[in-house]
Amino acid sequence: MLLIAEEASLLTVAVASDTAEATLMPYIIGLIAVIVIMNLQMAGAIPMDAVGAGLMIAAVTFAAALAIAIHEAWTMKRGVIGWIVNIIVALLGAFFAAQVGGPVVAIPLLGFAGEGSSSLAAAGDGVMVAALALMMVVGIGGASGAVWLVNRRR
């Protein structure tokens with residue numbers, strides 16, 4: 001009887017750690033995305049005077065949203081349709097969150113841009129890095145929220 005109790009407690013610990021890992025993974029993906037976008041900004045890989053800046057930021061945001069979708073589909077053992085739905089929903093959620101969250105992030109940060117600055121890119125590295133980090137958080141939150149919302153309907 002003691003052996004069965006020990007096996008049951010080990011199983012409970014394993015299930016609890018899997019659940020905790022699955023719960024923490026969106027935060028880990030978000031942290032990695034913030035670190036990547038900050039490193040790209042600090043290295044000068046995001047051009048501030050061309051269309052490439054928006055494309056680079058969008059690429060990192062959508063890559064992180066794709067990672068959120070793949071992780072959820074993998075851990076929940078979804079079928080092919082589930083994977084497709086997760087990927088589409090996460091990308092749409094990140095896109096919608098970026099559109100809605102952009103002004104919410106940019107307008108308060110313009111106060112820190114200084115006199116005469118008309119944009120966050122022109123304001124300098126500190127304000128731009130803060131804006132990029134906050135937009136990554138908003139985009140990942142949108143992807144995670146959209147996947148969570150769809151999972152409530154499944």
Side-chain angles (χ1 to χ4, degrees), residues 1-48 50-109 120-121 125-154:
M1 195 60 140
L2 182 62
L3 182 61
I4 295 172
E6 286 179 11
E7 288 178 12
S9 67
L10 289 176
L11 181 63
T12 303
V13 170
V15 170
S17 68
D18 288 345
T19 305
E21 182 180 311
T23 305
L24 287 177
M25 191 52 87
Y27 298 111
I28 294 169
I29 292 171
L31 180 63
I32 290 169
V34 168
I35 290 170
V36 165
I37 201 73
M38 285 183 164
N39 283 336
L40 288 172
Q41 170 67 18
M42 301 277 184
I46 300 177
M48 290 298 128
V51 173
L55 293 175
M56 181 70 75
I57 295 165
V60 174
T61 303
F62 288 142
L66 184 64
I68 294 279
I70 290 172
H71 173 263
E72 198 279 335
W74 184 275
T75 56
M76 296 299 194
K77 296 177 177 43
R78 304 275 184 217
V80 175
I81 300 297
W83 279 70
I84 293 169
V85 167
N86 268 8
I87 290 170
I88 291 171
V89 165
L91 292 176
L92 287 175
F95 180 76
F96 180 74
Q99 296 301 314
V100 172
V104 172
V105 169
I107 290 172
L109 286 177
L120 294 174
D125 284 336
V127 177
M128 186 64 183
V129 167
L132 288 172
L134 288 172
M135 279 309 298
M136 266 316 122
V137 170
V138 168
I140 300 305
S144 296
V147 170
W148 174 80
L149 193 61
V150 168
N151 283 339
R152 290 193 58 182
R153 299 291 178 192
R154 289 184 187 178

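On a predicted model such as this, the values are computed, not experimentally measured, just so you know.
- With rounding to the nearest 0.5 Å, the separation of CG in Leu92 from CD1 in Ile87 is 12.0 Å.
- Rounding to the nearest 0.5 angstrom, the gap separating the CZ atom in Phe95 from the OG1 atom in Thr61 is 11.5 Å.
- Taking OG of Ser144 as the reference point, atom NE2 of His71 lies at 10.5 Å (rounded to 0.5 Å).
- Contact detail for Ala53 and Pro47: the closest heavy-atom pair is CB-O, 2.8 Å.
- Around the CZ atom of Phe62, the shell of radius 6.0 Å holds more than 12 heavy atoms that belong to other residues, nucleotides or ligands.
- Sorted by first and then second residue, the salt bridge (charged side-chain N to carboxylate O under 4.0 Å, His left out) pairs involving residues 79-107 (not counting sequence neighbours) form an empty list.
- In plain terms, the two heavy atoms of Val147 and Ala90 that are nearest each other are CG2-CB, 3.8 Å.
- Across all non-hydrogen atoms, the minimal contact from Ala97 to Gly139 is CB-CA, 4.4 Å.
- Separation of atoms CG (Leu91) and CG (Asn86) is listed at 10.5 Å; rounding is to 0.5 Å.
- Taking CD1 of Ile28 as the reference point, atom CG of Leu31 lies at 8.0 Å (rounded to 0.5 Å).
- The salt bridge (charged side-chain N to carboxylate O under 4.0 Å, His left out) contacts involving residues 80-97 comprise nothing, where partners must be two or more places apart or lie in separate chains.
- A salt bridge (charged side-chain N to carboxylate O under 4.0 Å, His left out) check over residues 141-152, counting only residues at least two apart or in different chains, returns nothing.
- Among residues two or more places apart in sequence or in another chain, the side-chain contact (heavy atoms from CB on, under 4.5 Å) test is passed with Leu132 by Ile37, Gln41, Ile46, Ile57, Met128.
- What you find for Ala133 and Met38 is that their closest heavy atoms are CB-CE, 3.5 Å.
- The salt bridge (charged side-chain N to carboxylate O under 4.0 Å, His left out) analysis of residues 75-84, with sequence neighbours excluded, yields the pairs Glu72-Arg78.
- Here the side chains of Ile140 and Tyr27 are not in contact, with every heavy-atom distance at 4.5 Å or above.
- Ala33 is linked by a side-chain contact (heavy atoms from CB on, under 4.5 Å) to Ala64, Met136, counting only residues two or more places apart in sequence or in another chain.
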